[in-house]
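Okay, so here's the structure we're looking at.
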Amino acid sequence: MIIVIIGAQWGDEGKGKVVDLLADRFDIVSRYQGGHNAGHSVYVGDKAFVLRLLPSGIIHADKTCVLGNGMVIDPKAFFEEVDQIAEKGVEVSPERLKVSSRAHLIMPYHRALDHTSEERLGNEKIGTTLRGIGPAYEDKAGRRGIRVADALSPDVLKLRIERNLEEANRIIVLYGNQPLRADEIYAEISPLVERLRPFVCETSHFLAEARKQSKKILLEGAQATLLDVDHGTYPYVTSSNPTAGGASVGAGIPPHHITGVLGIVRTYATRVGEGPFPTEMLDAEEDIANLIRERGNEYGSVTRRPRRCGWFDAVATRYAAELNGFDSIALTKLDVLDELEEIKVGVGYEVNGKRVDTFPAVSSDLRQIKPVYETLPGWKSDTLGITRFDDLPENAKRYVRFLSEQVGVEIGLISTGPERDQTIILEDSVMEGWFSN
Ligand code: GDP
Ligand code: IMO
Ligand code: MG
């Protein structure tokens with residue numbers, strides 16, 4: 001069984017919590033794209049973990065975790081994270097953590113280029129995480145990237161750094177920043193690569209063998225559908241493919257071996273960074289946005305940037321369901337809406353009084369959109385930690401059913417708090433079927 005978990009909105013839907021919860025039923029958890037731009041928060045008892053590069057399954061001592069070929073890996077960030085979670089008592093050995101030899105490395109000049117690019121764009125900036133993600137993927141597509149396997153040969157690593165830095169420094173200097181030195185970069189990266197060596201693996205072959213032995217594999221998406229470089233709100237996107245097709249490419253798994261796709265959807269929407277956000281709560285709804293931000297702890301897991309908050313956008317989520325082929329949805333953060341009198345749901349889009357039924361390709365068109373809202377009554381009572389659908393207040397049940405109808409996909413799981421056990425699993429759902437055996 002191979003299941004993919006994908007964010008349906010602009011990220012931070014609660015993928016980490018759901019992956020951690022479901023990891024128990026799997027043997028292997030693998031990331032397939034992105035890098036340490038992700039921040040997946042997981043709470044287990046009194047311990048809090050923020051996973052950035054490592055799959056959220058790493059917290060389970062008996063699971064094997066994989067960093068797939070589609071990822072971009074900053075070796076310094078990798079070992080910082082390995083060391084941090086080791087301090088919390090999680091052992092991370094090469095036996096249970098495999099890094100693809102085909103993944104690309106994020107180098108110090110990628111970080112510098114990310115800064116330069118954002119400075120250059122000024123008002124038009126993307127609002128990236130400044131971790132060098134975009135420039136590393138640019139080098140991959142430009143066929144000059146340094147892959148893990150290449151870096152294992154010291155001569156190759158040295159030569160590639162020198163060659164790539166010549167070009168990178170031209171841009172860095174052009175925009176008034178200090179050039180970087182190849183010898184210093186090599187001195188920093190080479191010991192990290194040596195430490196990485198035992199973790200390196202032909203991960204797609206490893207996953208194929210695991211599947212032959214009937215092992216269960218969970219593919220953990222980072223970022224989300226609307227941040228996908230092909231399908232998201234371009235150019236305000238990340239540089240990888242979090243969508244379902246990306247899981248096949250980025251883990252090296254044949255598409256027809258994937259059993260199912262689970263969409264992670266929040267009961268409302270947020271966005272970090274710039275870019276269009278049709279259902280964003282603007283000035284008139286600032287109080288509601290603040291309430292949600294506080295109740296939902298809507299601050300970046302790592303950068304602590306306040307997240308922009310908005311109403312559930314059914315048009316965007318339908319688009320995500322169609323693109324990814326969601327078989328089931330995990331709906332998170334129901335409890336965050338507990339205090340609201342009324343809850344709005346964006347059910348359609350209008351531009352100049354005309355109804356728009358599809359998700360526009362151009363970001364400037366998206367900015368002109370006026371969402372058409374339906375307003376549902378709130379439930380004004382506590383749902384934190386409820387574990388049975390029947391125990392939810394009637395208006396909360398109604399809200400959940402409404403979202404499912406709007407998106408056209410069943411809801412198989414409802415999350416009612418950040419902890420593992422603050423969860424409702426819906427009986428007879430497709431999702432329950434996947435996880436019950
Ligand atoms: P991810 O990037 O999709 O893994 O999501 P993040 O971890 O960045 O952000 C989600 C935040 O919401 C985290 O702080 C989670 O602990 C928290 N969270 C997840 N599910 C729930 C829930 O059902 N209720 C509440 N109150 N918090 C939740
Ligand atoms: P998780 O996995 C939310 C956003 C950035 C920026 C854009 C491009 O925790 O859901 P990048 O550094 O990737 O080039 O930035 O994408 N972004 C995220 N937003 N959650 C994330 O990850 C994100 N990863 C990147 O804020 O707008
Ligand atoms: Mg996150």
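Whatever order the structure lists them in is the order used to number ligands and atoms, beginning at 1. The structure displayed is predicted, hence computed values, not measured ones.
Considering only non-hydrogen protein atoms, atom 26 (N) of ligand 1 sits nearest to D335 OD2, 2.7 Å. With hydrogens left out, the protein atom closest to atom 3 (C) of ligand 2 is D12 OD2, 3.2 Å, a heavy atom. Counting protein heavy atoms only, atom 18 (C) of ligand 2 is closest to L227 CD1, 3.6 Å. Of all protein heavy atoms, the one lying nearest to atom 13 (O) of ligand 2 is T238 OG1, 2.6 Å. Looking only at protein heavy atoms, the nearest one to atom 23 (C) of ligand 2 is Q223 CG, 3.7 Å. Of the protein's heavy atoms, G127 O, 3.1 Å lies nearest to atom 6 (C) of ligand 2. Looking only at heavy atoms of the protein, atom 7 (O) of ligand 1 is closest to S41 N, 2.7 Å. In this structure, the protein non-hydrogen atom closest to atom 16 (O) of ligand 1 is Y43 CE1, 3.1 Å. Protein heavy atom nearest atom 27 (O) of ligand 2, with residue, atom name and distance: V272 O, 3.2 Å. In this structure, atom 26 (O) of ligand 2 lies nearest to the protein heavy atom R305 NH2, 3.0 Å. Counting only heavy atoms of the protein, atom 4 (O) of ligand 1 lies nearest to G16 N, 2.8 Å. With hydrogens left out, the protein atom closest to atom 6 (P) of ligand 1 is G39 O, 3.6 Å, a heavy atom. In terms of protein heavy-atom proximity, atom 12 (O) of ligand 2 is nearest to T129 OG1, 2.6 Å.
Under the salt bridge (charged side-chain N to carboxylate O under 4.0 Å, His left out) test applied with E298, the options R308, R293, K333 reduce to a single match, K333.
Counting only N and O atoms by type, the side chains of T270 and R266 include a donor and acceptor under 3.5 Å apart. Between the side chains of D335 and T416, not a single donor N or O lies within less than 3.5 Å of an accepting N or O. Between the side chains of R102 and T203, no donor-acceptor pair of N or O atoms lies under 3.5 Å.
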Let's go through T64 and K98 carefully: what are the C-alpha distance in whole Å and the side-chain angles of both, what is the deciding distance for side-chain contact (heavy atoms from CB on, under 4.5 Å) to 0.1 Å, and is it a yes or a no? CA-CA 8 Å; T64 305; K98 313 279 176 198; 4.3 Å; yes
Residue pair L403, L331: steps toward the side-chain contact (heavy atoms from CB on, under 4.5 Å) verdict: CA-CA 9 Å; L403 297 191; L331 184 69; 3.9 Å; yes
Assess whether salt bridge (charged side-chain N to carboxylate O under 4.0 Å, His left out) is satisfied between D150 and R160, documenting all intermediate values. CA-CA 9 Å; D150 307 323; R160 295 272 172 93; 3.3 Å; yes
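In terms of N/O distances under 3.5 Å, ligand 1 is approached by G417. The N/O atoms of N297, backbone and side chain alike, include none that comes under 3.5 Å of an N/O atom in ligand 1. Taking only nitrogen or oxygen atoms, main chain and side chain alike, L130 does not reach within less than 3.5 Å of ligand 2.
D12 has its closest N, O or S atom to the Mg ion (ligand 3) at the position named OD1.
Checked against a 6.0 Å centroid threshold, the rings of F312 and Y399 do not count as neighbours. Checked against the 6.0 Å centroid threshold, W311 and Y268 do not count as a close aromatic pair.
With distances taken over non-hydrogen atoms, the option nearest atom 15 (O) of ligand 2 out of N37, T128, L51, I126 is T128. Considering only non-hydrogen atoms, atom 10 (C) of ligand 1 lies nearest to D12 out of D20, T423, D12. Comparing K17, E419, K333, Q9 by heavy-atom distance to atom 11 (C) of ligand 1, the nearest is K333.
When non-hydrogen atoms are compared, ligand 2 lies under 4.0 Å from the side chain of H40 (C-beta onward) but not from its backbone. At a 4.0 Å heavy-atom cut-off, ligand 2 touches V237 through the backbone alone. Residue R52 does not touch ligand 2, judged by heavy-atom distances below 4.0 Å.
Within the listing of ligand 2, atoms 2 (O) sit less than 4.0 angstrom from a heavy atom of A222. The atoms of ligand 1 that sit less than 4.0 Å from any heavy atom of S415 are 20 (N), 21 (C), 22 (C), 23 (O). For ligand 1, the atoms lying closer than 4.0 Å to a non-hydrogen atom of R307 are 8 (O), 9 (O). Annotation for ligand 2: atoms under 4.0 Å from non-hydrogen atoms of K15 are 1 (P), 2 (O), 10 (O). Close approach to G14 involves these atoms of ligand 1, each under 4.0 Å from a residue heavy atom: 1 (P), 3 (O), 4 (O), 5 (O). Ligand 2 places these atoms under 4.0 Å from at least one heavy atom of G273: 27 (O). Which parts of ligand 2 touch W10 is read off a 4.0 Å heavy-atom cut-off, strictly below it: atoms 3 (C), 19 (N). Near V336, meaning under 4.0 Å from one of its heavy atoms, ligand 1 places the atoms 26 (N). Of all atoms in ligand 1, numbered sequentially from 1 with element shown, those under 4.0 Å from a heavy atom of H40 are 1 (P), 2 (O), 4 (O), 7 (O).
Environment of CD in E322: sparse, with no more than 12 heavy atoms of neighbouring residues, nucleotides or ligands closer than 6.0 Å. Within a 6.0 Å sphere centred on OH of Y373, heavy atoms belonging to other residues, nucleotides or ligands number more than 12. The number of heavy-atom neighbours closer than 6.0 Å to NZ of K125, taken from other residues, nucleotides and ligands shown, is 12 or below.
With rounding to the nearest 0.5 Å, the separation of CZ in R144 from CD in E167 is 5.0 Å. With rounding to the nearest 0.5 angstrom, the CG atom of D114 is 9.0 Å from the CD atom of E138.
In this structure, F78 and F199 have perpendicular ring planes: the angle between them is above 60°, well past the 30° mark.
In this structure, G39 has a heavy atom closer than 4.0 Å to ligand 2. Taking 4.0 Å as the cut-off, G7 does not count as a neighbour of ligand 1 on heavy-atom distance.
For the pair K216 and F26, the cation-pi test (distance below 6.0 Å, angle within 45°) is failed.
Using a cut-off of 2.8 Å, one finds that G39 contributes an N/O/S atom close to the Mg ion (ligand 3).
For the pair D83 and R195, the salt-bridge criterion is met [side-chain N within less than 4.0 Å of a carboxylate O].
Of the possible polar contacts, one joining the R318 side chain to the Q406 backbone as a donor-acceptor pair under 3.5 Å is found.
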